[in-house]
Amino acid sequence: MLKAGFGKSVITPKVGTRLVGYANRTVLSTGVHDDLHARALVVESGGSSWAICAAELCYLREPQVWRVREIVQSRTELPSDQLLLCTVHTHSAPDDRDTSSWNRPLADLIADAILKAFEGMQPARIGAASGFLQGWSINRRWLDRAIDPFVGVIRIDDEEGKPMGVVSNFGCHAVVLGYDNLLVSADWPGVTSSAVEKELGPQSVCVVTQGGSGDVNPLTEQVRQRLRSGIAIGTMKGKTYYGALSANSPWNIGDRGGGTFQEARDLGLAVAEEILHVTKTVKTQADVRQLWAQQIRIDGSRQPDERLYGLSGEVPHHVIERPESPNPDGKRWMEFMVLAAEEPGLLIVSQPGEVFAETAMELRRHLQTMGVVQPWTVGYANGWQLYLPPEAAFLEGGYEVDWAVHLGISPRLQNRLWDTLLPILRQHHHRDPMSAEKTF
């Protein structure tokens, strides 16, 4: 018999804090447009349990993750290695290390949501399904390449079939609001959560998680207009479309200046509408087969025998917001995690950074060939190691890859993940894909 609970806490910072996400935003916050929250789901069945919590922040570094886990484990029966902590990656929130931004420790505020979820656990039903959302996002490295339209939904009902809440998954940078925004905001994910909760009922909770969004930006109305304005468009990769950039038309798809709250609302409501549509198709059940969670630790550092691609060698910006340094042994240990509910066929693979759309789609394809019905990728989870590009992207370079190279991250990281993940899935009776030799 499944038991589940949702929790929600306010993590809004004080006014006057430094908002992160843009190197060219030098002014402190001047107000709060919408409150920031942490939202959590805890599930338990047959003595096994796991939890997922999404905070409306840009990132959570490893020390904060460890502290939240310590708090939760000291006050509940939930093991720390079964708690997935992620962020929605809004660029209108403070640095998680800035202790002056909150009246209480940030870890305590986030833990409140998980503790409420644990305390509110009750007999429940679970189901999962997926949909898709096209036309609201764009590949910011290559305008003519794919984004991941996947929209995943976990629906939790009480014993009588009334929705308690949902967990959702969609990959798109939360950067509708640009460097010129000085108001605290959860950007489009906050709009999505609030809209879904309003529709499902005042006691419901909508946990929003990011998928393959590392190379995906919002396709807002202003972006659409610029794409049709006749000016040349530069990308985060350095590629130019519609002619050559000049002094008269120096606009880059990564420039989010001028983004409006109305555009954030438009995108957030579009995502919410698809989540609600998928939610209506979900059939929930009380019995769950093989509810399990597993941590995976991988050294993400580049090895001496791995090729160092010929890139610019420049130190990327956002230096203040760089991830934690490697261990003293020179290795960069990263935590990946798997959460599963084998019936209804759900399997979530989390990564501690910004995952590209092509990685999320490729991983989903491989997992589907193994019989996984609802495979998800969740980024910005259990730490923050910035960009985690696929190997092919290292050949192309660009802003995201420059960061990975600068931090010493291996081009083979995604392949290492798959090589580690495959035997774990075999243990849980998933059939081998047509080819176990996958290249990411």
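Small disclaimer: the values here were computed from a predicted structure and weren't measured.
- At distances below 3.5 Å, not a single donor-acceptor pair connects side-chain atoms of S130 with backbone N or O atoms of G152.
- Residues that satisfy the ring-ring contact (aromatic ring centres under 6.0 Å, His included) test with H37, not counting sequence neighbours, are absent from this structure.
- Side-chain contact between V175 and Y22 is present, with at least one heavy-atom pair separated by less than 4.5 Å.
- Annotation: ring-ring contact (aromatic ring centres under 6.0 Å, His included) contacts of W50 (sequence neighbours excluded): none.
- Partners of T377 by side chain to side chain donor-acceptor pair (under 3.5 Å), not counting sequence neighbours: none found.
- Under the ring-ring contact (aromatic ring centres under 6.0 Å, His included) criterion, F261 pairs with H33, sequence neighbours left out.
- Around CD of E199, the count of heavy atoms belonging to other residues, nucleotides or ligands within 6.0 Å does not exceed 12.
- For the residue pair E354/Q210, the side-chain donor-acceptor check at 3.5 Å is not satisfied.
- The ring-ring contact (aromatic ring centres under 6.0 Å, His included) check on W102 picks up nothing, with sequence neighbours excluded.
- Applying the side chain to side chain contact (heavy atoms under 4.5 Å, CB included) test between L267 and each of C172, P189, S137 identifies C172 as the sole match.
- N382 contributes a side-chain N or O that, together with a main-chain N or O of L85, makes up a donor-acceptor pair within less than 3.5 Å.
- Counting only heavy atoms from C-beta outward, the side chains of P352 and F336 approach each other to under 4.5 Å.
- The closest donor-acceptor contact from the side chain of D299 to the backbone of R332 lies under 3.5 Å.
- For R104, the salt bridge (Lys or Arg N to Asp or Glu O under 4.0 Å) criterion is met by D112, not counting sequence neighbours.
- The 12-atom threshold is not exceeded at CZ of F132, counting heavy atoms of other residues, nucleotides or ligands nearer than 6.0 Å.
- The minimum heavy-atom distance linking L60 with T87 is given by the pair N-CG2, 3.7 Å.
- In terms of the salt bridge (Lys or Arg N to Asp or Glu O under 4.0 Å) criterion, residue partners of E197 (sequence neighbours excluded) are, by chain and number, K8, R39.
- Put simply, CZ on R125 and CG on L2 are 10.0 Å apart, with the number rounded to the nearest 0.5 Å.
- Listed for the Q64 side chain is a donor-acceptor partner under 3.5 Å among the backbone atoms of D96.
- Side-chain contact check for Y387 versus D402: every heavy-atom pair is 4.5 Å or farther apart.
- One N or O on the side chain of S350 and one on the backbone of M337 form a donor-acceptor pair closer than 3.5 Å.
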Please report the C-alpha distance between H173 and R256 in whole Å, then the side-chain angles of each, then the deciding distance to 0.1 Å, and finally whether the side chain to side chain contact (heavy atoms under 4.5 Å, CB included) criterion is met. CA-CA 11 Å; H173 253 81; R256 293 301 311 129; over 6 Å; no
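- Of the inter-residue distances, the one linking N169 atom CG with I348 atom CD1 reads 7.5 Å to the nearest 0.5 angstrom.
- Scored by the salt bridge (Lys or Arg N to Asp or Glu O under 4.0 Å) test, E70 finds R67 as partners (sequence neighbours excluded).
- One distance of note links CG of L41 with CE of M121; it measures 8.5 Å at 0.5 Å rounding.
- Using a 4.5 Å heavy-atom threshold, the side chains of P163 and T279 count as separate.
- For the pair L367 and V349, the minimum side-chain heavy-atom distance is below 4.5 Å.
- Checked by atom type, the side-chain pair S213/Y380 shows a donor-acceptor distance below 3.5 Å.
- Ring-plane geometry between W384 and Y59 is classed as parallel, the angle between the planes falling under 30 degrees on a 0 to 90 degree scale with a further cut at 60.
- The closest donor-acceptor contact from the side chain of Q303 to the backbone of S301 lies under 3.5 Å.
- The closest donor-acceptor contact from the side chain of T281 to the backbone of V278 lies under 3.5 Å.
- A donor-acceptor contact shorter than 3.5 Å is absent between the side chain of S410 and the backbone of G300.
- Distance check: L291 CG to L346 CG gives 9.5 Å after rounding to the nearest 0.5 Å.
- Here the side chains of D266 and T220 are not in contact, with every heavy-atom distance at 4.5 Å or above.
- The heavy-atom pair separating S168 from T209 by the smallest distance is O-OG1, 2.7 Å.
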Stepwise side chain to side chain contact (heavy atoms under 4.5 Å, CB included) test for N252 and Y399: CA-CA 12 Å; N252 189 290; Y399 166 76; over 6 Å; no
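- How far CH2 of W188 is from OG of S193: 8.5 Å, rounded to the nearest 0.5 Å.
- When each of Q351, E391, E358, E362 is tested with Q414 by the rule side chain to side chain donor-acceptor pair (under 3.5 Å), just one qualifies, namely Q351.
- Using a 4.5 Å heavy-atom threshold, the side chains of S48 and W292 count as separate.
- Side chains of S80 and R69: no donor on one and acceptor on the other come within 3.5 Å.
- Closest of all the heavy-atom pairs between V288 and A341 is CG1-CB, 3.9 Å.
- Listed by chain and number, the residues in a side chain to side chain donor-acceptor pair (under 3.5 Å) with D34 are S185 (sequence neighbours excluded).
- Looking at S29, its side chain does come within 3.5 Å of a backbone N or O of T17 through a donor-acceptor pair.
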E263 vs V223, side chain to side chain contact (heavy atoms under 4.5 Å, CB included): CA-CA, chis, key distance, verdict: CA-CA 10 Å; E263 290 177 317; V223 173; over 6 Å; no
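- When the salt bridge (Lys or Arg N to Asp or Glu O under 4.0 Å) test is applied to R416, the partners found at least two apart in sequence or on another chain are E306.
- Within the structure, salt bridge (Lys or Arg N to Asp or Glu O under 4.0 Å) contacts touching residues 126-145 (residues at least two apart or in different chains) are R140-E400, R141-E396, R141-E400, R145-E396.
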Set out, in order, the CA-CA distance, both residues' side-chain angles and the distance that settles side chain to side chain contact (heavy atoms under 4.5 Å, CB included) for R61 and D95, then state yes or no. CA-CA 9 Å; R61 293 182 178 87; D95 190 324; 2.7 Å; yes
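- Across V207 and A54, no two heavy atoms sit closer than the pair CG1-CB, 3.7 Å.
- Counting non-hydrogen atoms of neighbouring residues, nucleotides and ligands closer than 6.0 angstrom, the NZ atom of K14 exceeds 12 such neighbours.
- A donor-acceptor contact shorter than 3.5 Å is absent between the side chain of D215 and the backbone of F356.
- Residues L363 and L421 have side chains in contact (heavy-atom distance under 4.5 Å, counting atoms from C-beta outward).
- Among all heavy-atom pairs drawn from L339 and A293, the shortest one is CD2-CB, 3.5 Å.
- Sorted by first and then second residue, the salt bridge (Lys or Arg N to Asp or Glu O under 4.0 Å) pairs with a member in residues 220-238 form an empty list; sequence neighbours excluded.
- Considering CG of L36 and OG1 of T12, their distance stands at 5.0 Å, rounded to 0.5 Å.
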